[in-house]
Amino acid sequence: MRKRIWLAALLLVSLVCVGFGYQAQGRTQWEYRTSCGRVDFDKLGDDGWELAAATQDGSITCLYFKRRK
């Protein structure tokens, strides 16, 4: 009986470890860029950057971009 419980626990731990390993490999990694001045959108788009957010404080507009690493 103890061997069955031990085997079931070992199988469960193995499945959990495999699941976490698979999830870590599937994560997308991003790099970010901030610009609070003039921006050449065509150049950024050609380089793979996409606009993620924008903020404005008075007359200052800041743009936040991201792209996959």
Item to check | Residues forming a side-chain contact (heavy atoms from CB on, under 4.5 Å) with Asp40, sequence neighbours excluded | outcome: Asp42, Lys43
Checklist entry - What pairs with Arg38 under side-chain contact (heavy atoms from CB on, under 4.5 Å), at least two apart in sequence or on another chain? => result none
For residues 50-57, which side-chain donor-acceptor pairs fall under 3.5 Å, sequence neighbours excluded?
| from | atom 1 | to | atom 2 | distance (Å) |
| --- | --- | --- | --- | --- |
| Gln56 | NE2 | Gly58 | O | 3.2 |

Item to check | Hydrophobic cluster of Trp30, others only, ordered by chain and residue number, side-chain cut-off 4.5 Å | outcome: Tyr32
Checklist entry - Does Arg33 have any salt bridge (Lys or Arg N to Asp or Glu O under 4.0 Å) partners at least two apart in sequence or in another chain, and if so, which? => result none
Could you give the side-chain donor-acceptor pairs of residues 62-69 under 3.5 Å, partners two or more places apart or in another chain?
| from | atom 1 | to | atom 2 | distance (Å) |
| --- | --- | --- | --- | --- |
| Arg67 | NE | Glu31 | OE2 | 2.9 |
| Arg67 | NH1 | Asp47 | O | 2.8 |

